[in-house]
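All remarks here apply to the structure that follows.
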Amino acid sequence: MAPSPTGPIHIGNMHTALFNWLFARKAGGKFILRFEDTDRERSDAKYEQLIYDEMRWLGLDWDEGADVGGPYGPYRQSERLPLYAEYARRLTDSGHVYPCFCTPEELDAERAAAQKAGQAYKYSGRCRGLDEAGRRKLESLGRPPSLRFAVPAGQVVVIDDLVRGRIDYPADAISDFIIVRPNGMPLYNFAVVVDDITMRISHVIRGEGHISNTPVQILIYQALGEPLPQFGHVGHILLPSREKMAKRAGNAYVGLYRDEGFMPEVIVNFMALLGWTPPDGREFLTLPEIVAEFSLDRVTKAPSVFDPDKLSWMNANYIRRLERDELARRCLPFLVRAGLVAGGLEQGPGAAGAGSAPPGMVPSDFGRVAWIVGLEQERIETLAQIVPATDFFFRREVTPDEPAAKALQAPDVGNTLEQATATFGEVADWTPEPLEAVGRALAERLGLSPKLVFQPMRAAITGRLASPPLFDTMAALGRGLSLERLARAVAFAKAPA
RNA sequence: GGCCCCAUGGUCUAACGGUUAGGACGCCACCCUUUCAAGGUGGCAGCCCGGGUUCGACUCCCGGUGGGGUCACCA
């Protein structure tokens, strides 16, 4: 896996990283994380850190890399320049490469002409035929040359692709390409080959966008007399709009999903199923299970569209399967960040922060948080949704949202709530079953359907029309706050609209 | 335009010559129900087109069509 540290890593790149990792782990091989930072303008070390963080968050580790080192380092291209120079010399000495003195302007002109003629651009080869005298003459003019690869004519390059099978690529479609700039910096296709050779890379698994790079790289291997690694090109991941996930386009960064409350094991499970299925068709798999089943010949060739709806569904499913306390632990950071509960509750009862509360909030310990979170467990799809779903439990006061306010102002609701306030004020055992019994008895006494009593109470107590079951909610909220909110709602309901 | 890749419901996919083309998301209906969910049941919806090969094609071959990639002193 060799990203360039020029920005946050999106789902598409992470997807091929995952497949690389899975393949390496399944095969018992090494997974290497190196950086392609020869584009100094766009590269930034802070993105390296971002990539580490996101990989680790997903549970993808690496055996060799810029941070952990390894036997074939360094693992940044910018630190491997002498190596490229050495291999460039080898190619020059063997005559596979020649100096090119053409200026950017001259090349632009060639390209423009090809464009105009509706032809694929190929370098004219002007400098290829230069003899020693001609070269020396141009050199004496002070023009530093770039190094071009002399592509052999009439050859068919064969790619034996691990996912696509055999691909025949006519070398005549390939222009004499530059491997080293006049300033000595290697170009991508050349640097990659040198890295892959010197790092003893056995398998190159990358996106299908690289298919056209592969034959030029194979040409370099052949010129060097080095054995080829195995190539495998997996399909791209597309946005729902069917656009390709480009580096800066779209907003499919892994970190964004983390912030929205998608869980790492879900992202991994979901990405694995994009272009791959286990033989038994299971949809829910842990990382070790995926490793055990993974193989490249079950990888689809066609690109696949990333469906956020299905991701949400899967995340919700995982949330429901979690132990309640574990879910609470995972929700806690979101609640703390939202200012609903104090930090430091993670350790459970008696932990720092227990019993204290941010301004305007009800003090909560871990047990209370877990209780409340449990009520929403089958109602939220992402961890972040815990905040709007439960904020009324933590706030001292609630103001009804628009539909709730409307419901409270309906005819007779004031009276109903007045009755409810009085009746529930008598209840001593503030647990769900007794509360429900009292509620149903009240409805019967008033000659109303349960719904006509419960909905106004719900609006009064939660400030909204949708919530967990009313009596569970009242029990978790507590007697004092519940009665307080009922009483306030009476006034609200009776006030002239 | 040349070259290369790809093609099963809206989406993710199963099928590796013989199935009423299976599953999942989403959508619709119904059930459950104090709301919202969750859950249950049922439903709508697909092999891009045309030729071959074969007793028999979603599966193999060829040609179209459509989509994508690539043709840099970017990676």
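We name chains A, B, ... by the order of the sequence lines, and we start the count at 1 in each one. Keep in mind it's a predicted model, so treat the numbers as computed, not measured.
Every residue was checked against the side chain to side chain donor-acceptor pair (under 3.5 Å) condition with Asp401(A), not counting sequence neighbours, and none meets it. Partners of Trp276(A) under the ring pair (Phe, Tyr, Trp, His ring centres under 6.0 Å) rule, at least two apart in sequence or in another chain, are Phe294(A). Under the side-chain contact (heavy atoms from CB on, under 4.5 Å) criterion, Asn189(A) pairs with Asn213(A), Val216(A), Gln217(A), sequence neighbours left out. Taking the side chain to side chain donor-acceptor pair (under 3.5 Å) definition, one finds that Gln49(A) meets it with Asp53(A), sequence neighbours left out. In this view, Tyr52(A) and Phe35(A), Trp62(A) satisfy the ring pair (Phe, Tyr, Trp, His ring centres under 6.0 Å) rule, not counting sequence neighbours.
A sub-4.0 Å separation between OP1 or OP2 of rA15(B) and a side-chain N or O of Arg298(A) is present.
With hydrogens and angles ignored, the 3.5 Å screen pairs a side-chain donor or acceptor of Ser124(A) with a backbone N or O of Arg126(A). Side-chain atoms of Asp176(A) come within 3.5 Å of backbone atoms of Val151(A) as a donor-acceptor pair (strictly under, hydrogens ignored).
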Run the side chain to side chain contact (heavy atoms under 4.5 Å, CB included) check on Ser295(A) and Arg298(A) step by step: do they pass? CA-CA 6 Å; Ser295(A) 95; Arg298(A) 291 191 63 83; 4.0 Å; yes
Less than 3.5 Å apart, which donor and acceptor atoms pair up between the side chains of residues 305-312 of chain A and the rest of the protein, not counting sequence neighbours?
from      : atom 1 : to        : atom 2 : distance (Å)
Asp307(A) : OD1    : Asp309(A) : N      : 3.0
Lys310(A) : NZ     : Glu283(A) : OE2    : 3.1
Ser312(A) : OG     : Pro308(A) : O      : 3.2

Residues 444-451 of chain A side chain polar contacts: donor-acceptor under 3.5 Å, at least two apart:
from      : atom 1 : to        : atom 2 : distance (Å)
Arg445(A) : NH2    : Thr423(A) : OG1    : 3.1
Ser449(A) : OG     : Leu452(A) : N      : 3.3

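The partner of rA15(B), taking Watson-Crick or G-U wobble pairs whose two distances both stay under 3.5 Å, does not exist in any strand shown. Nucleotide rC30(B) forms a Watson-Crick or G-U wobble pair with rG40(B), both donor-acceptor distances falling under 3.5 Å.
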Scoring nucleotides 33-39 of chain B by protein non-hydrogen atoms under 4.0 Å (B base, S sugar-phosphate only, - none) yields -BBBBSS
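The list of side chain to side chain donor-acceptor pair (under 3.5 Å) pairs with a residue in residues 379-389 of chain A, not counting sequence neighbours, is empty.
Contact annotation for Arg282(A): no contact, since no heavy-atom pair falls under 4.0 Å across all strands. Residue Gly207(A) is out of contact with every strand shown, counting any heavy-atom pair closer than 4.0 Å. Residue Thr300(A) is classed as a sugar-phosphate contact, given heavy-atom separations below 4.0 Å to backbone atoms only.
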Please write out the pairs of protein N or O atoms and N or O atoms of nucleotides 62-68 of chain B separated by less than 3.5 Å, giving the distance to one decimal.
none

Close N or O pairs between protein and nucleotides 73-75 of chain B (under 3.5 Å):
from    : atom 1 : to        : atom 2 : distance (Å)
rC73(B) : OP1    : Arg111(A) : NH2    : 2.9
rC73(B) : N4     : Cys102(A) : O      : 3.1
rC73(B) : N4     : Pro104(A) : N      : 3.4
rC74(B) : OP1    : Arg181(A) : NE     : 3.3
rC74(B) : OP2    : Arg181(A) : NE     : 2.6
rC74(B) : OP2    : Arg181(A) : NH2    : 2.3
rC74(B) : O2'    : Asp39(A)  : OD2    : 3.1
rC74(B) : O2'    : Arg42(A)  : NH2    : 3.4
rA75(B) : OP1    : Thr38(A)  : OG1    : 2.9
rA75(B) : OP2    : Tyr188(A) : N      : 3.0
rA75(B) : O3'    : Glu36(A)  : O      : 3.4
rA75(B) : O3'    : Glu36(A)  : OE1    : 3.4
rA75(B) : O2'    : Ser4(A)   : OG     : 3.1
rA75(B) : N6     : Asn213(A) : OD1    : 3.1
rA75(B) : N6     : Asn213(A) : ND2    : 3.3
rA75(B) : N1     : Asn213(A) : ND2    : 3.4

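Only the C1' atoms considered, rA45(B) is 12 Å distant from rU8(B), to the nearest whole Å.
The side chain of Lys310(A) has rG23(B) as its nearest neighbour among rU70(B), rG23(B), rG1(B).
Residues from residues 265-273 of chain A lying near RNA chain B, meaning a heavy-atom separation below 4.0 Å, are Leu273(A) in numerical order.
Within 6.0 Å of the CD atom in Gln115(A), the count of heavy atoms belonging to other residues, nucleotides or ligands does not exceed 12.
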